[in-house]
Amino acid sequence: MTNQNPPEVAMVRAGADAPGGEAVAGEPGIERREFSFLVWMSERGIFAFTAVLLLFAAVFVDGFASLANITDVFNRTAPIGIVAAGMTFVVISGNYLDLSVVAQVATAAVVLIAVTNDHSIALAVLLAFVIALVYGVINGIAVGVFKANAVIVTLSTTFIGLGILRWFSGGSIYFGSEDGLIRSFGTSEIGPFPLSMLVLILITAVLAFVLDRTNFGFVIRSYGSNNDATRLAGVNTSLVVIGAFVISALGAMIGGFVLAAFSNTAVSAMSDGYDFEALAAIIVGGTSVFGGRGSVWRTLLGVIFVSALTNIMVLSGFGFGYQQMAIGALIVFAVSVDALARRATRT
């Protein structure tokens, strides 16, 4: 499947000849271009920055390199990382972000614990999967078919989803069984590695394969770079957008499962801020908010960078306000570099 391309995908690969002018593919290597420091910063800088930050923290920040601290960081980072990996598809498709992950993560967590307590974990997983599909399809149809603004649509489905969840749960906190499967997952380790960390790496690897090695992934990039050329090449762009939002919803569902397992609790407010944190990791990782260019692996590095920076500030005694300012400054810097890099490639 990955070695043979249907005619419409082959046409998209020749996007420079399509109306709109510019090359469709956004990843390096599709077209030859001269070295640009701004482009390197946008596409590869996260590798160097993450390595430098981790080395600095290991040497100069007391307690950062301890196994207990690293394990705690990964346990707290895994849900955000999984959500960000799924949302990367929406951002690369040119639809900016999926705000409804806030409601999706909380819903998945509540459904997992509440339904497992009363029935079985198999039913809980199945019900959460169906809910994720509903979220993804509704968002995808509204944005891909009716061409509604993705921010407005996903903000609306967030409010609807949280309203339904709070009506269903009454704002109650659900606690998992202390000796149940959910709790066991949240506390399990394989060697020195927490299970949540391995799930994060596995999900990242699977989604990276989909984005980098399948025709669907290539068309996602094509659509994000030049949606008119992709549409004129005969691709059903509505299905592309729906697929991106479905993947984002499934990532949010799995992220909600991991979050519930880590805390062994679930409540409707437990995922507040997940949309911003996931977007921060995606942008810092080098995925363009303008669409067409990005990588799930770089999103993982963005998650590690933001989480490590936050952890360093906590260990150094900086308050939450300083953490917010630092992450906000990072986002402004990353978006500015991306915009300048895109301008540089067009001149």
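The first residue of the sequence shown is numbered 1, and numbering continues consecutively from there. Computed over heavy atoms, backbone and side chain alike; hydrogens, waters and symmetry mates excluded.
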Minimum side-chain heavy-atom gap V153-N149 below 4.5 Å: no
Non-hydrogen atoms of A84 and T88 that approach each other most closely: O-OG1, 2.7 Å
Within one Ile-Leu-Val-Met-Phe-Trp-Tyr cluster: I131 and I141, side-chain cutoff 4.5 Å: no
Closest non-hydrogen atom pair, M270 against S263: CE-OG, 4.0 Å
Salt bridge flag under 4.0 Å for residues D179 and R183: no
Any donor-acceptor pair under 3.5 Å from S271 side chain to V102 backbone: yes
Spacing of CE belonging to M87 relative to OH belonging to Y274, to within rounding of 0.5 Å: 12.0 Å
Backbone of F175 reached by a side-chain donor or acceptor of N117 within 3.5 Å: yes
Under 3.5 Å: donor-acceptor pair, side chain of S248, backbone of A244: no
Candidate pair Y135 and T107, rule side chain to side chain contact (heavy atoms under 4.5 Å, CB included), full reasoning: CA-CA 11 Å; Y135 265 109; T107 299; 4.2 Å; yes
Side-chain touch R221/I92, heavy atoms, less than 4.5 angstrom: yes
Side chain to side chain contact (heavy atoms under 4.5 Å, CB included) between T230 and V240, intermediate numbers included: CA-CA 10 Å; T230 307; V240 172; 5.6 Å; no
Candidate pair L301 and F49, rule side chain to side chain contact (heavy atoms under 4.5 Å, CB included), full reasoning: CA-CA 10 Å; L301 285 177; F49 294 149; over 6 Å; no
F47, CZ: over 12 other non-hydrogen atoms inside 6.0 angstrom: yes
Same cluster (ILVMFWY, side-chain, under 4.5 Å), V73 and I201: no
Residue pair I304 / T77, side-chain heavy-atom distance below 4.5 Å: no
Test log, rule side chain to side chain contact (heavy atoms under 4.5 Å, CB included), inputs I283 and L279: CA-CA 6 Å; I283 293 174; L279 183 63; 3.6 Å; yes
Whether over 12 other heavy atoms sit under 6.0 Å from D62 CG: no
L165 reachable from Y174 in the ILVMFWY side-chain graph, under 4.5 Å edges: yes
Sub-4.5 Å side-chain heavy-atom contact between N75 and M197: no
Any side-chain donor near an acceptor of the partner, N139 and T154, under 3.5 Å: no
Any V267 side-chain heavy atom under 4.5 Å of V110 side chain: no
S225 side chain vs S222 backbone, donor-acceptor pair below 3.5 Å: no
Connected via hydrophobic side-chain network under 4.5 Å: L97 and V105: yes
F185 side chain reached by V199 side chain, heavy atoms, under 4.5 Å: yes
Interatomic spacing from CG in N311 to CD1 in I70 - rounded to 0.5 Å: 9.0 Å
Heavy-atom pair with the smallest gap, counting every atom of G176 and I113: N-CG2, 3.8 Å
Non-hydrogen side-chain atoms of V337 and F333 separated by less than 4.5 Å: yes
Atom of A150, atom of N95 and distance for their closest heavy-atom approach: CB-O, 3.3 Å
Separation between OG of S93 and CZ of F245, rounded to the nearest 0.5 Å: 6.0 Å
Linked, directly or transitively: F216 and L133 (ILVMFWY side chains, under 4.5 Å): yes
Residue pair I182 / L112, side-chain heavy-atom distance below 4.5 Å: yes
Spacing of CG belonging to L211 relative to CZ belonging to F89, to within rounding of 0.5 Å: 4.5 Å
Under 3.5 Å, sequence neighbours excluded: what are the donor-acceptor pairs made by side chains of residues 319-330?
from: Q323; atom 1: NE2; to: F318; atom 2: O; distance (Å): 3.4

Distance (rounded to the nearest 0.5 Å) between I247 CD1 and L207 CG: 6.5 Å
Distance (rounded to the nearest 0.5 Å) between D272 CG and E277 CD: 10.0 Å
For A85 against V296, the heavy-atom pair lying closest together: CB-CG1, 3.9 Å
Backbone N/O of M313 and side chain of S316: donor-acceptor pair under 3.5 Å: no
Side-chain donor/acceptor of R166 to backbone N/O of A269, under 3.5 Å: no
Polar side-chain atom of T158 near backbone of L99 as donor-acceptor pair, under 3.5 Å: yes
S188 side chain to S184 backbone, donor-acceptor under 3.5 Å: yes
Heavy-atom pair of closest approach, residues G255 and V83: CA-CG2, 4.3 Å
R298 backbone acceptor or donor facing S295 side chain under 3.5 Å: yes
N/O donor-acceptor pair under 3.5 Å between S172 side chain and S169 backbone: yes
